[in-house]
Amino acid sequence: MRQLILFGLGLVLSVSSIFVYAQSDAEPLTLRELADENGIFIGAAVQSGLLENEPDYANTVSREFNLITTEWETKMCVTQPTPDTFDFEGTDAMLEFAEANDMALRGHTLLWHQCFPEWLENGDYSREEAIEILKNYIDTVVGRYKGRIAIWDVVNEGVDDSGRMRQTQWKSLIGDDYIELAFRFAHEADPDAMLFYNDYSTETMNRKSDSVYELVSALLENDVPIDGVGLQMHIMVGDARPNRSIDPDELRENIERLGELGLQVQITEMDVRHSGLPTASILERQAEDYRQVVEVCLQTEACNAIIFWGFTDLHSWIPEFFGNADAAPLLFDRNYQPKPAYEEVQQALQNALTAES
């Protein structure tokens with residue numbers, strides 16, 4: 001039986017002994033209902049402003065997901081805009097929404113090189129001063145939400161595309177041990193929170209995923225309190241080979257080797273982009289990609305969460321970043337209607353229940 005327990009947080013997701021199935025004469029179960037039955041997290045990155053101002057957005061989130069990720073609210077350049085001020089308005093609002101809807105909240109992310117405060121980047125700080133700034137920042141943010149934010153991405157994208165340690169501002173200020181220090185400080189601030197390293201292009205067996213494996217192995221050997229690895233999973237229809245975006249066998253192998261280290265694995269930022277218009281063929285292939293990833297996660301003991309980077313095509317980073325105004329990378333269309341991708345994820349979750357019975 002798959003079971004995910006967040007110790008000290010009073011939150012248990014487990015496969016119940018009596019399953020509830022969608023009958024032909026009843027409404028199909030939502031992703032949230034199916035995830036609860038499977039004992040996993042199903043989630044999405046969301047924005048506090050949209051939760052507050054768009055009823056369709058908020059209603060879809062609460063209906064379909066048992067976990068939400070802060071899309072921007074807990075990044076340092078947002079949370080600590082000046083040396084002496086912290087802004088918790090957005091995170092507080094998201095936490096209030098999560099708790100009101102019996103959802104877990106995932107804090108993303110404490111350290112990320114693309115959201116580094118200007119005051120820190122432009123300051124003249126010694127290593128010792130930088131370490132103290134890092135500790136105070138983590139103590140303040142993680143400590144404020146002790147026992148309430150279940151999971152933290154402590155370090156995001158600390159490895160570059162070549163597989164080397166990324167030359168981040170923290171690395172320049174502190175040195176190679178900044179990652180270790182960040183995890184230690186986060187654990188001290190909330191010993192019960194689950195702490196993750198998160199990165200992109202690390203889902204299959206490749207040079208970068210090998211480097212991440214070596215990084216987390218070294219952290220564990222040094223008794224650094226790390227609980228898991230997040231695989232972002234920003235993929236494109238047809239990335240790896242014609243009509244195939246992801247190699248499920250390599251994904252499984254990668255998850256399993258991380259699991260053998262005693263680490264949890266979470267799919268943390270999944271979306272499936274495409275070129276040009278979202279034709280019926282594209283949407284079918286996209287749906288297949290989503291289904292394959294969900295199936296692999298459900299079939300591997302270490303994987304306990306599937307989180308999408310958004311959920312509606314109305315609010316996605318893909319169109320602006322990749323210059324494709326017609327992009328439709330997510331589970332719901334711009335009118336909050338489920339797409340083939342939603343239906344395939346739903347079916348994969350249902351099939352896992354049927355296999356367990």
Side-chain angles (χ1 to χ4, degrees), residues 106 108-114 151-172 174-184 186 194-242 244-273 289-290 292-307 309:
R106 196 175 198 282
H108 175 85
T109 170
L110 293 174
L111 273 61
W112 184 39
H113 64 283
Q114 291 195 36
I151 307 163
W152 285 99
D153 283 329
V154 178
V155 177
N156 191 52
E157 300 172 3
V159 175
D160 68 20
D161 293 347
S162 71
R164 299 184 179 91
M165 293 301 298
R166 188 183 298 277
Q167 295 297 317
T168 70
Q169 300 93 329
W170 285 115
K171 187 175 185 297
S172 297
I174 294 174
D176 291 341
D177 59 342
Y178 83 94
I179 294 179
E180 175 178 336
L181 290 171
F183 275 93
R184 294 194 188 280
M194 309 301 289
L195 307 179
F196 276 69
Y197 174 83
N198 192 58
D199 218 324
Y200 66 89
S201 297
T202 57
E203 55 268 7
T204 57
M205 305 296 288
N206 57 49
R207 181 170 56 183
K208 186 171 181 179
S209 66
D210 288 345
S211 295
V212 169
Y213 179 83
E214 292 169 5
L215 169 64
V216 298
S217 297
L219 292 175
L220 290 169
E221 289 173 3
N222 290 328
D223 295 321
V224 175
I226 178 174
D227 297 293
V229 173
L231 308 178
Q232 292 187 14
M233 202 76 66
H234 298 293
I235 59 178
M236 182 174 180
V237 172
D239 254 357
R241 51 191 63 83
R244 190 172 181 182
S245 300
I246 192 73
D247 187 321
D249 293 331
E250 285 195 9
L251 174 61
R252 188 190 321 275
E253 182 180 356
N254 192 31
I255 292 174
E256 288 177 345
R257 70 170 173 173
L258 291 167
E260 289 169 359
L261 295 175
L263 295 171
Q264 299 179 24
V265 177
Q266 298 184 348
I267 308 302
T268 55
E269 304 184 22
M270 188 177 182
D271 48 37
V272 185
R273 67 187 187 276
D289 292 333
Y290 273 107
Q292 286 186 330
V293 170
V294 172
E295 285 180 343
V296 171
C297 180
L298 290 167
Q299 294 164 5
T300 49
E301 190 66 27
C303 187
N304 55 37
I306 305 156
I307 305 159
W309 202 246

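This chain uses plain numbering: 1 for the first residue, then up along the sequence.
Looking at Glu269 and His108, their side chains come closer than 4.5 Å, going by heavy atoms from C-beta outward. Contact of the Ile307 side chain with the Met270 side chain is not registered, since no non-hydrogen atoms from C-beta on lie closer than 4.5 Å. No side-chain heavy atom of Tyr197 sits under 4.5 Å from any side-chain heavy atom of Val154. Side-chain atoms of Ile306 and Gln266, non-hydrogen and from C-beta on, never get closer than 4.5 Å to each other. The closest side-chain heavy-atom distance from Phe196 to Ile226 is not below 4.5 Å. For the pair Leu251/Val293, a side-chain contact is recorded, criterion being any heavy-atom separation below 4.5 Å from C-beta on. The closest side-chain heavy-atom distance from Ile255 to Glu301 is not below 4.5 Å. The shortest distance between side-chain heavy atoms of Glu157 and Val159 does not fall below 4.5 Å.
Looking at residues two or more places apart in sequence or on another chain, you find a salt bridge (charged side-chain N to carboxylate O under 4.0 Å, His left out) between Asp177 and Arg127. Annotation: side chain to side chain donor-acceptor pair (under 3.5 Å) contacts of Glu295 (sequence neighbours excluded): Arg291. Every salt bridge (charged side-chain N to carboxylate O under 4.0 Å, His left out) that Glu180 has, sequence neighbours left out, goes to Arg184. The salt bridge (charged side-chain N to carboxylate O under 4.0 Å, His left out) test applied to Asp199 returns Lys208, not counting sequence neighbours. For Asp223, the salt bridge (charged side-chain N to carboxylate O under 4.0 Å, His left out) criterion is met by no residue, not counting sequence neighbours. Under the ring pair (Phe, Tyr, Trp, His ring centres under 6.0 Å) criterion, Tyr290 pairs with Phe308, sequence neighbours left out. With sequence neighbours left out, Trp309 forms a side chain to side chain donor-acceptor pair (under 3.5 Å) with no residue at all. Partners of Glu256 according to the side-chain contact (heavy atoms from CB on, under 4.5 Å) rule, which considers only residues two or more places apart in sequence or in another chain, are Arg252, Thr300. Applying the side chain to side chain donor-acceptor pair (under 3.5 Å) rule to Tyr200 yields the partners Asp161, Arg166; only residues at least two apart in sequence or on another chain are considered. Judged as a side chain to side chain donor-acceptor pair (under 3.5 Å), and not counting sequence neighbours, Arg207 has no contacts.
Interatomic distance, CG of Asp247 versus CG of Asn254, reported as 11.0 Å (0.5 Å rounding). Between atom CG of residue Leu220 and atom CG of residue Leu215 there is a gap of 9.5 Å, rounded to the nearest 0.5 Å. Here the CG atom belonging to Leu195 is positioned 6.5 Å from the CZ atom belonging to Phe183, to the nearest 0.5 angstrom. Taken from CD1 in Ile267 to SG in Cys297, the straight-line distance is 5.5 Å, to the nearest 0.5 Å. The CG atom of Asp160 sits 9.5 Å away from the NE2 atom of His113 when rounded to the nearest 0.5 Å. Expressed to the nearest 0.5 Å, how far OG1 of Thr168 lies from CD of Gln114 amounts to 11.5 Å.
Of the possible donor and acceptor atoms, none in the side chain of Asp153 sits under 3.5 Å from a partner among the backbone N and O of Asn156. Proximity of a side-chain donor or acceptor of Glu250 to a complementary backbone N or O of Met205 within less than 3.5 Å is detected.
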Problem set entry | Derivation of the side-chain contact (heavy atoms from CB on, under 4.5 Å) call for Val155 and Leu110 | CA-CA 6 Å; Val155 177; Leu110 293 174; over 6 Å; no
For this session: Please test Ile246 against Glu203 for side-chain contact (heavy atoms from CB on, under 4.5 Å), starting from the C-alpha separation and ending with a verdict.
Result: CA-CA 9 Å; Ile246 192 73; Glu203 55 268 7; 3.4 Å; yes
For this session: Dump the intermediate steps for side-chain contact (heavy atoms from CB on, under 4.5 Å) on Thr204 and Glu253, then the final yes or no.
Result: CA-CA 8 Å; Thr204 57; Glu253 182 180 356; over 6 Å; no
Exercise. So Thr268 and Asn198, side chain to side chain donor-acceptor pair (under 3.5 Å) or not? Walk me through it.
Worked result: CA-CA 8 Å; Thr268 55; Asn198 192 58; 2.7 Å; yes
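Among pairs with a residue in residues 209-221, those fulfilling side chain to side chain donor-acceptor pair (under 3.5 Å) read Asn206-Ser209, Ser209-Arg257, Asp210-Arg257, at least two apart in sequence or across chains.
Side-chain contact annotation: Gln264 with Asp227, donor-acceptor N/O pair under 3.5 Å absent.
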